[in-house]
Number of protein chains: 2
Amino acid sequence: MDSLEIEPSLNFCQACAVRNRAICADLDEDELGLLNAIGRRKRLQAGEQLLWEGDDAIIVANVVEGVLKLSTQTADGREQILGMVYPSDFLGRPFGETTPYGVEAITDAQVCVFRRTDFDRFAREHPRLEHKLLERTLAELDRTRRWMVLLGRMNAEQKLATYLVETAERLIPANCKESELGDERSLTLPLSRQQMADVLGLTIETVSRHMTKLKNDGLIGLPGRRELTINSLKALAERGG
Amino acid sequence: MDSLEIEPSLNFCQACAVRNRAICADLDEDELGLLNAIGRRKRLQAGEQLLWEGDDAIIVANVVEGVLKLSTQTADGREQILGMVYPSDFLGRPFGETTPYGVEAITDAQVCVFRRTDFDRFAREHPRLEHKLLERTLAELDRTRRWMVLLGRMNAEQKLATYLVETAERLIPANCKESELGDERSLTLPLSRQQMADVLGLTIETVSRHMTKLKNDGLIGLPGRRELTINSLKALAERGG
DNA sequence: CGGGTGATTGATGTGAGTCAATTCAGGTGG
DNA sequence: CCACCTGAATTGACTCACATCAATCACCCG
């Protein structure tokens, strides 16, 4: 791997935006200092690739800011998105030989990068960190398995409705209580139609058609290409089965 | 210890068939004794259910013998199989509130079960075990993500070919070197056609049709309903993309 | 005001689902 | 040993949802 852009070596961890949510949350001051010493901040522009599928697993990282996608290519060149990672999520393959998926920034992003070997050693020496990583991996496995049901058993409309509901829930957290205007939501979609198709195992045309169908059925509004309003989260969730 | 007395409460772990492959592999004698104390063996008949989706996560387990399936129901009553577990695999949801999938024995099976709370405590106190569990969970996540590509992007023939190749590889391990008759394999399928359909996100009819198609194309032989011969593993893998 | 990309819409094809009939294998009991 | 029963597997006819191919539209840059 060519040189990571290295920023001056402050203790970033202490001021880190995801300090309390990422896997480093349970570390004490000293441990944090050690972790800080082996990690580097890296900024990514939207569209920039951080890891390539099949490469040696050189680095792992924490997401500090932005959204990235994990994806893989099929033999015939199409793409299947395996997952999206958000701030405080972990990515890469610790204790592994090769990176099992490509990682690309969807939005401008900031990540906290570690050489995998450094991270592996640190993790083995700090069970609290390893425990956090385990909990996170177990949760990710659960989520991934739920996604299998979507891919294996849902039709296009159900896939789309489920995706929109989930996206709304991830992007509009508990900051505004649902009291506010009950069931309505409005947000900017992080993905293009093509990317949504790649997440859902569909084609761009099918995504587009069913978006307009959901709109015509009065479940959602589409004020702009990337803008979405959900009229009733509950009704939309019902469409997802 | 008095050598004439036969210890009635055996330490199962020491004689365990999967002793060296399961997550307990790195434990020393003392730790193994402690683990043994909180676990117990349980036999399951083919078709017997061990865990129900959505139940409180009361137990976790190691597979000692046999094959089990992890699955979930869709709203309209169909099933999606999320994964198969084989001897030495771990199942259940440590550090979690509810069991995210149902577990049913496909063949007669033997598992080593723990009360989840006991297991959680033991794991937190024994980082070597927790590390093993982490490695296993990471590997399982990789495998699950690869399966997403199958579900999201492959057609029926590719799914089936891929499944047969993978099954052959899991059931015919390195015991007989590939030198033996090169590329040919012959095995007993662990799943019924319906179960294969549930794994692959297909219907039983589609599975059946493409099985006969692969046979007519000379890639496989079907001497009996559950019997399979693969004429060329390589050629079959190519069909899978 | 054009050019370019992404999104939408339309026409058509096809692969997998659905429904239904038939065959097959395994087990049971006369 | 064979007739029968049962559930699984196969096969066929038909439908339909999604993919494909192609044309148009809308927005965002300069």
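Reminder, nothing fancy here: chain letters follow the sequence lines and each chain counts from 1.
- Atom C1' of nucleotide C:dG15 and atom NZ of B:K159 are separated by 11 Å, given to the nearest angstrom.
- Across the protein-nucleic acid pair, B:L228 atom CG and D:dA9 atom P stand 14 Å apart, rounded to whole Å.
- Candidate nucleotides C:dA16, D:dC18, D:dC27 were compared by shortest atom distance to the side chain of A:H210, and D:dC18 ranks first.
- Distance A:R153 CZ to D:dA17 P: 17 Å, rounded to the nearest Å.
- Between B:K213 atom NZ and C:dG15 atom P there is a gap of 10 Å when expressed in whole angstrom units.
- Between the side chains of B:Q73 and B:R78, no donor-acceptor pair of N or O atoms lies under 3.5 Å.
- Regarding A:L189, its CG atom lies at a distance of 16 Å from the P atom of C:dG6, rounded to whole Å.
- Within 6.0 Å of atom CZ in B:R21, more than 12 heavy atoms from other residues, nucleotides or ligands are found, so the atom counts as buried in its surroundings.
- In this structure, A:R225 reaches the bases: a heavy-atom distance under 4.0 Å links it to at least one base atom across the strands shown.
- Rounded to whole Å, the distance from CD on B:E157 to C1' on C:dA16 is 13 Å.
- Nucleotide C:dC24 holds its C1' atom 15 Å from the CE atom of B:M211, rounded to whole Å.
- Between the OG1 atom of A:T167 and the CG atom of A:L228 there is a distance of 8.5 Å, given to the nearest 0.5 Å.
- Of the residues in residues 199-209 of chain A, those placing a heavy atom less than 4.0 Å from an atom of DNA chain D are A:G201, A:L202, A:T203, A:E205, A:T206, A:R209, in numerical order.
- Formation of a donor-acceptor pair under 3.5 Å by the B:T144 side chain with backbone atoms of A:R145 is not found in this model.
- Ring planes of A:F90 and A:F119: tilted class, angle from 30 to 60°.
- Rounding to whole angstrom units, CG of residue B:L222 and C1' of D:dT11 are separated by 15 Å.
- Ion pairing between a basic and an acidic side chain is recognised when a charged N comes within 4.0 Å of a carboxylate O; B:R170 and B:D89 show such pairing.
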